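Let me begin by presenting the structure, written as structure tokens, before commenting on it.
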2 protein chains.
Amino acid sequence: MAATIFDVAKHAGVSIGTVSRVLNNKDRVSPATRERVLKAVRELDYHANAFARGLASQESNTLGLVIPQVNDPFFFQIVRGVEDAATDEGYSLLIASQPRPAREHRYLDLFRRGNVDAMVLVAIDVYIHEIQQIAARGVPIVLAQQDVGKNIPAFLADNYSGSRAMTEHLLGHGYRRLAYIAGTNYTPDSRERLRAMQDVLAEHGLSMGPEYIVPGDYLQDSGYRAMLELLQRPVLPEAVFAANDQMAIDAIRAIQESGLRVPEDIAVVGFDDIPMSSYVSPALTTIQQPVYEMGWHAAKRAIAMIGPEENVEERTLASPRVMLLPASLVVRKSCGC
Amino acid sequence: MAATIFDVAKHAGVSIGTVSRVLNNKDRVSPATRERVLKAVRELDYHANAFARGLASQESNTLGLVIPQVNDPFFFQIVRGVEDAATDEGYSLLIASQPRPAREHRYLDLFRRGNVDAMVLVAIDVYIHEIQQIAARGVPIVLAQQDVGKNIPAFLADNYSGSRAMTEHLLGHGYRRLAYIAGTNYTPDSRERLRAMQDVLAEHGLSMGPEYIVPGDYLQDSGYRAMLELLQRPVLPEAVFAANDQMAIDAIRAIQESGLRVPEDIAVVGFDDIPMSSYVSPALTTIQQPVYEMGWHAAKRAIAMIGPEENVEERTLASPRVMLLPASLVVRKSCGC
DNA sequence: GCACATTTTGGAGGCGCTTGCTAGAATAAA
DNA sequence: TTTATTCTAGCAAGCGCCTCCAAAATGTGC
């Protein structure tokens, strides 16, 4: 049986109240007693029981993290950022993958029981009312890589600026006929990226016909299929901008298999900067998102929002609700550089 | 304030003991009362407080997972396996990355406080005595991708068989002069893989000179450097077996940059089957490890070992201590197929 | 050395739940 | 019907810690 606070108190010749106080350095305790208690703690190898502490203090010192059930290095990076920030603040991490249909909202149950003091939701499909239901219980929520509005803080990559930079880079190469392979239709990310592209084109007196905007779904095959479709056009595009790297890489494959060269015949660029992008041939020019930082900031923010239930809302609104993290151009070979 | 068991009891007109019993379906409760209680639970949207439950029952229903602080898809897969298994058993997951120097043994503290009922340690460097210290507190420990002996169950990939299969495959191609790019020297993985290779060669009356065994460290540059070294040999190897895919991919790059072709001039194969391996050119022939399964089995085993402190040891030894999961050959292009 | 302000410490109540014990209800056996 | 046996459900004692309140110790100014 592990030592309890009672054992420590007895061993140090003080009351449990005093032990508790030095452990949580709340009220003042005289240096002499403090040292006696600390010594006892060391000698007994005492570690406060997290349940008792949680029950008594109504705080778990734990951060909940929900991520999609997807095998993507992208998310791993976010987790690392969140974990570092949480550790930094003395918080533990409780992780749940997005529910498969069979266990829907499992994480909700989990976190709803008062297990976590705050939570970070990464790019997952949740309904606003679910989030608000949790927030209503006084558990701060922060979103990453996703935004639902409604006073829920969100950390996003600056898709618009990133996409603008990329488009300008392509125009700088002299390309005029651009094409876009979109991500899943309804995601704001993909829409933002397209909007930036069209804005830049317009500013240069150019435009992109609808036949050069083909749908994809961010996954492997869709990039390949989309590119095949673009290759059917009577006039081929000079450069293709894919909404993510995965699709860009598959588009390159489609182009190469059709006997054309990248970037000589058609330039291809992506978005995300996944590890693979520097390994494909030609190496992919893309946009790097500050994924780790996104997780880090989201976690810090979530923890900062922890506090008395009464003024959650107030604290929520104290800082900007949406934070756009810079997305930067990574120039490699596939753009023609 | 969330509803407590007391609220439910009052609402259902029973005692809290009864509510607890229907919630944990331990002792028998008459169907009528059970239904009344369940109804109250639903109406009040009651969720048992995990701390109170943990404190009273001395169980956390949580599985601890420690993984290296490495950004590797490999570990992500393991986490998924562990998570699925844990969820399956009604357990939550508390995750800790391997401590950076500054926060050494942080996870130990974390888990030692009685936060977790069992733990899975993945490929991390811990000292045996630390593990035993935890085990001594009655917390079952299972290792994955690592083995320290001493009665601690371990789940490993069958490196020996996998490497044998690969070596035989290479010999089947007619290659006779093989080379090996080793992983970090002291890891048993790398040693096992090399041993299998040498055994197969010996069985065919062949051998590999020490000048064809070069050290690497599993990371990017080392594969490149190692290959450069191999390219200095007066007689070049016909096939190179790298201890992991990352190094194999970099070896390919080194070969190609030196003006030679893969696999025509030198064949290259790896171990792990990371996602990138099917994308490089030529696509990499490699060995696939059942990573997800490893996590899954390790978690299941750890949970199965939970129980009264007295007979932890007994339960530990009830099943085989070391489990080797099959590693299978994935044939692509880089071997010459 | 005294009265009073201030700092430090002890102690008890309570956080929400599990569980062994027991009384009462229901059923079976006599 | 009475007695013995099984079910069912209430009660209360914790689980280990935090925190408020009051008591004790220490310090201050006169």
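Each chain gets a letter, A, B and so on, in the order the sequences are listed, and its residues count up from 1. As the structure is a prediction and not an experimental result, all values here were calculated from the model.
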Classify [X] by what it touches in the nucleic acid, base, sugar-phosphate, or nothing, heavy-atom distance under 4.0 Å.
| X | result |
| --- | --- |
| B:V19 | nothing |
| A:L23 | nothing |
| B:S20 | base |

Using the side-chain heavy atoms of [X], tell me which of these nucleotides is nearest: [options].
| X | options | answer |
| --- | --- | --- |
| B:N49 | C:dG16, C:dG14, D:dC15 | C:dG16 |
| B:L55 | C:dT9, D:dG16, C:dC17 | D:dG16 |
| B:Q58 | C:dC15, D:dG16, C:dC17 | D:dG16 |
| B:T4 | C:dG10, D:dC18, C:dG16 | C:dG16 |
| B:V14 | C:dC17, D:dG10, D:dG16 | D:dG10 |
| A:S15 | D:dC18, C:dG11, C:dT18 | C:dG11 |

Quiz item: What pairs with A:V79 under side chain to side chain contact (heavy atoms under 4.5 Å, CB included), at least two apart in sequence or on another chain?
Solution: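 For A:V79, the residues satisfying side chain to side chain contact (heavy atoms under 4.5 Å, CB included) (neighbours in sequence not counted) are A:L65, A:I67, A:I95.
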Practice problem: State which residues pass side chain to side chain contact (heavy atoms under 4.5 Å, CB included) with A:L324; sequence neighbours excluded, sorted by chain then number. | Solution: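 By the side chain to side chain contact (heavy atoms under 4.5 Å, CB included) rule, A:L324 matches A:L156, A:D158, A:V322.
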What is the distance, to the nearest angstrom, from the [atom1] atom on [X] to the [atom2] atom on [N]?
| X | N | atom1 | atom2 | answer |
| --- | --- | --- | --- | --- |
| B:E35 | D:dA9 | CD | C1' | 17 Å |
| A:I5 | D:dC15 | CD1 | P | 14 Å |
| A:R36 | C:dT9 | CZ | P | 8 Å |
| B:R53 | D:dG16 | CZ | P | 18 Å |
| B:K10 | D:dG10 | NZ | C1' | 17 Å |
| B:E59 | C:dC17 | CD | P | 16 Å |
| B:N61 | C:dC17 | CG | C1' | 13 Å |
| B:R34 | D:dA9 | CZ | P | 10 Å |

Distance below 4.0 Å between [X] side-chain N/O and [N] OP1 or OP2:
| X | N | answer |
| --- | --- | --- |
| A:N24 | D:dC18 | yes |
| A:T18 | C:dT9 | no |
| B:T33 | D:dA9 | yes |

Quiz item: Taking it one step at a time, do A:R301 and A:E89 satisfy salt bridge (Lys or Arg N to Asp or Glu O under 4.0 Å)?
Solution: CA-CA 11 Å; A:R301 175 71 177 273; A:E89 303 277 347; over 6 Å; no
Check: protein-nucleotides 20-28 of chain C nitrogen or oxygen pairs below 3.5 Å:
{"unit_1": "C:dG20", "atom_1": "O6", "unit_2": "B:R21", "atom_2": "NH1", "d": "3.2"}

Quiz prompt | Check: B:I16 main-chain N/O paired with B:S20 side-chain donor or acceptor under 3.5 Å | solution =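 Not confirmed, B:S20 side chain does not pair with B:I16 backbone.
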Quiz item: Roughly how far apart are B:W296 CH2 and B:D88 CG, rounded to 0.5 Å?
Solution: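 Taking CH2 in B:W296 and CG in B:D88, the distance rounds to 6.0 Å.
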Quiz prompt | Qualifying residues under side-chain hydrogen bond (donor to acceptor under 3.5 Å, both in side chains), relative to B:S57, sequence neighbours excluded | solution =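 Counting only residues at least two positions away or on another chain, B:S57 forms no side-chain hydrogen bond (donor to acceptor under 3.5 Å, both in side chains).
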Self-check item: Partner residues of B:T62 under the side-chain hydrogen bond (donor to acceptor under 3.5 Å, both in side chains) criterion, sequence neighbours left out
Solution: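 side-chain hydrogen bond (donor to acceptor under 3.5 Å, both in side chains) list for B:T62, sorted by chain: empty.
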Practice problem: Let me know, please, whether B:A56 or B:A32 comes out on the 5' side of the other along DNA chain D by nearest nucleotide. | Solution: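 The residue whose closest nucleotide sits nearer the 5' end is B:A32.
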Exercise. With sequence neighbours left out, write down each residue that passes salt bridge (charged side-chain N to carboxylate O under 4.0 Å, His left out) with A:K39, or none if nothing qualifies.
Key: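 So A:K39 forms a salt bridge (charged side-chain N to carboxylate O under 4.0 Å, His left out) with A:E43.
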Practice problem: Find which nucleotide of DNA chain C each of A:P31 and A:I16 is nearest to by heavy atoms, and output the residue with the more 5' nucleotide. | Solution: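 Nearest nucleotide further toward 5': that of A:P31.
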